Number of protein chains: 2
Amino acid sequence: MTVSRTLSGGLNVKPDVQQKVMDAVAELGYHRNENARSIRPGHTSGLIGVAITNIANPYYSTFALGVEEEAALAGRRILLGNTSEDSARETALVSDFLGRRVDGLIVVPAGTASRHLEHSQTQGVPVVLASRRVEGLGVDSVVLADTDGAFQGTTALLDSGHTRIGYLGNSLAIFTGERRYAGFARAHEEHGIPVDPALVATNQQTVDQARDATRALLRTENPPTAIFCANNRNAIGALKEINHQINAGSRSVDEFPELMSFDDFELAELSPVPLSVIDHDPRELGRTAARLLLDRLDADGKDAAVRELELPVSLRMSAR
Amino acid sequence: MTVSRTLSGGLNVKPDVQQKVMDAVAELGYHRNENARSIRPGHTSGLIGVAITNIANPYYSTFALGVEEEAALAGRRILLGNTSEDSARETALVSDFLGRRVDGLIVVPAGTASRHLEHSQTQGVPVVLASRRVEGLGVDSVVLADTDGAFQGTTALLDSGHTRIGYLGNSLAIFTGERRYAGFARAHEEHGIPVDPALVATNQQTVDQARDATRALLRTENPPTAIFCANNRNAIGALKEINHQINAGSRSVDEFPELMSFDDFELAELSPVPLSVIDHDPRELGRTAARLLLDRLDADGKDAAVRELELPVSLRMSAR
DNA sequence: CTGTTAGCGCGTTCAA
DNA sequence: TTGAACGCGCTAACAG
């Protein structure tokens, strides 16, 4: 008890005894057992479980940084896990997080399955969805203005005269994939220009897959004059393939399509073809998700209505 | 007890009772309290604490992915924390990790202070250092062949005729900074070419700082014909500045220095100036660090001698 | 100011 | 096959 009291401020412990305790603590390298502390009635772990689909994607690691910063400000740590875009792994991860009694969960959901995120399954542990929503799950969420951003970007391309625009994105079954494609399609509708299905590729998860899809697009007999890339993996893949072909020297630079990327990324400015960006800040997305969660963890935020935020994006047109 | 037995395999529990338990578990969303489990005698948390200097740097997030993959294979999770290159935060982070009774620690040390990593302070929890070593700390470590890689890269530049080579890196007080500079300097020595101190900048932690340093280098009256960049942050900063100046159109491309980057990075191939890379795999670095730790956590690895690994790097010369 | 009691959730051990 | 007692480390509440 004396040690416990000393370590929690030293109230009602003689100063010289406190000193002895501190000396012993320093010498022995003693650390209070947080796991034992967390099982006391009315106490929690101070951990926030963060499940993202891919740590190695700079977009998501920056997102995680934002969460971590905001959590650290509130004296909490994050438990980070990778789902690899796999719903089963997400379920296992969330289950593990709950077993460790995280105070809350921040999830970039991998699929549309959501039983494991339901209130009854999480034992009331609050969940915040980020980047993607899951229908019918009454939880807080923060996503981007996907449809609007894609609409704006596509409109800009159409306005500048493009009529054949390629589309590279991830699966339409994924929340962002569906929304971004919807914006792409609506812009076409409003311009009275049909989307050519031959120019639409929607199953690239990796840079290499995006490269392959780009190669296929460029090989068609009537290739697109611009490509809309629904995320940074696809934009980078397209860029790599185009750069490769330019260096191979088969055609001149301006025979290649210009690019519109949903997501900014490092070194985008080196693109040999004009590249515009639908820009937003993954770090801010992480911070916002964390704030939603932390707020919900506060006594006063506990019973607030469900908040579904949508962060704006901004179109940054290529200088050329 | 019946629930406990059912959840740990169902030995000696009547099948129909097991079923009832499982039904109730599913309905209630019950999860065993891992924190409570971990304080039982002879049990551990299954967590590995990972302290890196910057999650948002793709290099380190890929490193973390490698650790996570390897840890997941062994049924463990990682607790990830950011030190922001700050020794005090590292100490606090490690202390927090120990309080949560991590089974082991993987640390990219921020400084040379190491009291908090000593065996006596970690209560015998094994520590593995990655990327950087700390002198006088008898713990396992895995680092890169920094000196050798820098030596090879610099030698290649000198061999191809450069006599004025700039150096951009992080502080010489940092393990990798010191070693990479040493390789740079030794290559000069062996060629009998002195290093011009005016061309050496060693305090850039961020891309923007690296840009500034590059601008200063290019502005000197006798600018370098090549720049050795000791890590990806510095290479990217140099690239951005050079690209910017090329686009500004003041000089022709081949008046700009070529680049040698210690660290590969995404889209390096888009460089307008020749860029060679001293390549290595951060994911493998992470995996190796995790394996060192997991091995040490096994009964048979417990008392093994200290292992200090050095992973090889490979020089990939610019195609041009 | 310092110590004792009790209970958090779990599973080992022992009893029924 | 099931349940009861015990102890892990910690601290609120209550003696002393």
Side-chain angles (χ1 to χ4, degrees), chain A residues 1-47 49 75-77 79 94-103 120-125 297 299, chain B residues 1-47 49 75-77 79 94-103 120-125 297 299:
Chain A
M1 271 316 302
T2 298
V3 172
S4 177
R5 285 195 178 96
T6 303
L7 259 37
S8 22
L11 196 66
N12 292 332
V13 182
K14 273 202 295 194
D16 60 318
V17 178
Q18 285 191 46
Q19 193 53 53
K20 273 193 229 166
V21 169
M22 296 312 261
D23 290 349
V25 163
E27 185 186 334
L28 301 171
Y30 169 84
H31 297 267
R32 291 192 291 203
N33 187 327
E34 291 298 329
N35 295 326
R37 299 186 84 206
S38 79
I39 68 168
R40 292 173 298 144
H43 285 83
T44 63
S45 66
L47 292 175
R76 297 170 192 273
R77 294 253 169 261
L79 209 47
V94 166
S95 173
D96 183 284
F97 285 164
L98 291 171
R100 297 188 193 278
R101 294 302 185 268
V102 294
D103 300 344
S120 64
Q121 291 302 302
T122 65
Q123 302 267 52
V125 171
L297 293 174
Chain B
M1 269 317 303
T2 298
V3 173
S4 177
R5 285 196 178 95
T6 303
L7 261 37
S8 19
L11 196 67
N12 291 334
V13 183
K14 274 201 294 195
D16 61 318
V17 178
Q18 284 192 46
Q19 192 54 54
K20 273 193 229 168
V21 169
M22 295 312 262
D23 290 350
V25 163
E27 184 186 334
L28 300 172
Y30 169 83
H31 296 266
R32 289 191 291 202
N33 188 324
E34 292 297 329
N35 296 326
R37 298 187 85 205
S38 81
I39 68 168
R40 291 174 299 145
H43 286 81
T44 62
S45 67
L47 291 175
R76 298 169 193 272
R77 296 249 170 265
L79 208 49
V94 166
S95 172
D96 183 285
F97 285 164
L98 291 171
R100 296 188 194 279
R101 294 303 184 266
V102 294
D103 299 344
S120 63
Q121 290 304 300
T122 65
Q123 302 265 49
V125 172
L297 293 174

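Since the model is a prediction, treat every value here as computed from it, not as a measurement. Throughout, a chain's letter reflects where its sequence line sits, starting with A, and its residues are numbered from 1.
- One interatomic measurement links the two molecules: CZ of B/Arg37 to C1' of D/dG9, which rounds to 18 Å at whole-angstrom precision.
- Distance CZ (B/Arg5) to C1' (D/dT2): 6 Å, rounded to an integer number of Å.
- A/Met1 places its CE atom 11 Å from the P atom of D/dC10, with the value rounded to the nearest Å.
- Between the CG atom of A/Leu7 and the P atom of D/dT11 there is a distance of 8 Å, rounded to whole Å.
- Here D/dC10 presents its P atom at 9 Å from CD of A/Glu34, a figure rounded to the nearest Å.
- At least one side-chain nitrogen or oxygen of A/Arg32 sits closer than 4.0 Å to the OP1 or OP2 atom of D/dT11.
- If you check residues 14-24 of chain A against DNA chain C, the residues with a heavy atom closer than 4.0 Å are A/Lys14, A/Val17, listed by number.
- To the nearest 0.5 Å, atoms CZ (B/Arg76) and CG (B/Asp103) are separated by 4.5 Å.
- One distance of note links CG of B/Asp16 with CD of B/Gln19; it measures 9.0 Å at 0.5 Å rounding.
- Contact check, A/Tyr30 against D/dC10: a side-chain N or O comes under 4.0 Å of OP1 or OP2.
- Judged by distance alone, with hydrogens and angles left aside, the side-chain atoms of A/Arg40 form a donor-acceptor pair with the main-chain N or O of A/Arg37 at under 3.5 Å.
- Of all nucleotides in DNA chain C having an atom under 4.0 Å from a heavy atom of chain A, the first and last in 5' to 3' order are C/dC1 to C/dC8.
- Checked by atom type and distance alone, the side chain of B/Gln18 pairs as donor or acceptor with a backbone atom of B/Val13 at under 3.5 Å.
- Atom OG1 of A/Thr6 sits about 10.5 Å away from atom CG of A/Leu11, to the nearest 0.5 Å.
- Between B/Arg100 and B/Asp96, at least one side-chain N (NZ, or NE/NH1/NH2) sits under 4.0 Å from a carboxylate O, which counts as a salt bridge.
- Rounded to whole Å, atom P of D/dT11 lies 14 Å from atom CG of A/Leu11.
- Of the candidates D/dC10, D/dT11, D/dT2, D/dT2 carries the atom nearest the B/Asn12 side chain, counting heavy atoms from C-beta on.
- Atoms NE2 (B/His43) and P (D/dG7) sit 17 Å apart, rounded to a whole Å.
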